[in-house]
Amino acid sequence: MPEPDPPGRVLLERILTQGDEHYTRRVTDDGRVWARSTVAARLEGGEWQFGRGDDAWHPLTTLPADALASLEDAIRRSGVLDTAPEHGPDTAVIGGSTERWSFELDGRRTTTVLRGVPEVHVAAITEVAEVLHEAMAAADRGGSRPTA
């Protein structure tokens, strides 16, 4: 039976895929941030160890209200809701990854696939990714704890 989705309506979701492995980060409209991955990483004795992830949703944090509002504003102003459904080269990029970004805000929903990451860039998505990074840092500074 597939893993149930975490509660809340999706505001933003990024799925990074490379080969058979994937990592997903989801932000719901209440500011909760979730992740799931087929890869697990841990630091042991100063060395990173990688193994098979459980591919289940895990809460990461909850964004502070102002950080969530900034993320929503970035989605509105960046143009991500109007981006083409796919970006990338006509041929495969060796060692490249695929990112699928989905957004839902103000009654609009869109998905954009970037093939050949990190070589492929879309300014609107880069802008939202940077604001998401700042929002996650704000959650870390504010001491927000994961909530299930």
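A side-chain hydrogen bond (donor to acceptor under 3.5 Å, both in side chains) check over residues 118-139, counting only residues at least two apart or in different chains, returns the pairs R77-E127. Sorted by first then second residue, the side-chain hydrogen bond (donor to acceptor under 3.5 Å, both in side chains) pairs that include residues 38-47, not counting sequence neighbours, are E21-T38, R42-E44. Screening residues 63-76 for salt bridge (charged side-chain N to carboxylate O under 4.0 Å, His left out) gives D73-R76, R76-D106 as the qualifying pairs, with residues at least two apart or on separate chains.
A 4.5 Å side-chain heavy-atom check between V122 and V80 finds every atom pair outside the cut-off. With contacts defined as side-chain heavy-atom distances shorter than 4.5 Å, the pair R36/H58 does not qualify. With a 4.5 Å cut-off on side-chain heavy atoms, T111 and R100 count as touching.
Here the closest heavy-atom approach between residue A139 and residue T61 is recorded as CB-OG1, 3.4 Å. The two residues A35 and L60 have their closest heavy-atom pair at CB-CD1, 3.7 Å. The two residues T83 and A124 come nearest to each other via the heavy atoms CG2-CB, 4.1 Å. S97 approaches L16 most closely through the heavy-atom pair CB-CD1, 3.6 Å. Contact record, A135 with P64: O-CD, 4.3 Å, taken as the closest heavy-atom pair.
The closest donor-acceptor contact from the side chain of R108 to the backbone of L81 lies under 3.5 Å. At distances below 3.5 Å, not a single donor-acceptor pair connects side-chain atoms of R26 with backbone N or O atoms of V10. For the pair T112 (side chain) and A84 (backbone), a donor-acceptor distance under 3.5 Å is present.
Not counting sequence neighbours, the partners of R109 by the side chain to side chain contact (heavy atoms under 4.5 Å, CB included) test are E104. With sequence neighbours left out, the side chain to side chain contact (heavy atoms under 4.5 Å, CB included) criterion links D30 to T28, R32.
Taken from OG in S102 to CG in L11, the straight-line distance is 11.0 Å, to the nearest 0.5 Å. With rounding to the nearest 0.5 Å, the separation of CD in E99 from CD1 in I15 is 10.5 Å. Here the CG atom belonging to D55 is positioned 12.5 Å from the OH atom belonging to Y23, to the nearest 0.5 angstrom. Once rounded to the nearest 0.5 Å, the distance linking CG of L114 with CZ of R14 reads 9.5 Å. Rounding to the nearest 0.5 angstrom, the gap separating the OG atom in S37 from the CH2 atom in W57 is 10.5 Å. Within the model, atoms OG1 of T110 and CD1 of I75 stand 11.5 Å from one another, a figure rounded to the nearest 0.5 Å.
Defined by atom type and a distance below 3.5 Å, a donor-acceptor pair is missing between the side-chain atoms of T98 and T17.
V117 and L12 fall within a single hydrophobic cluster, where Ile, Leu, Val, Met, Phe, Trp and Tyr side chains are chained together by heavy-atom contacts under 4.5 Å. Under a hydrophobic clustering in which Ile, Leu, Val, Met, Phe, Trp and Tyr are joined whenever their side-chain heavy atoms come within less than 4.5 Å, directly or via other members, V120 and I125 fall into the same cluster.
We find that E13 and R25 are not joined by a salt bridge, their nearest charged nitrogen and carboxylate oxygen being 4.0 Å or further apart.
In this structure, V39 belongs to a hydrophobic cluster whose other members, linked by side-chain heavy atoms under 4.5 Å apart, are L43, W48, F50.
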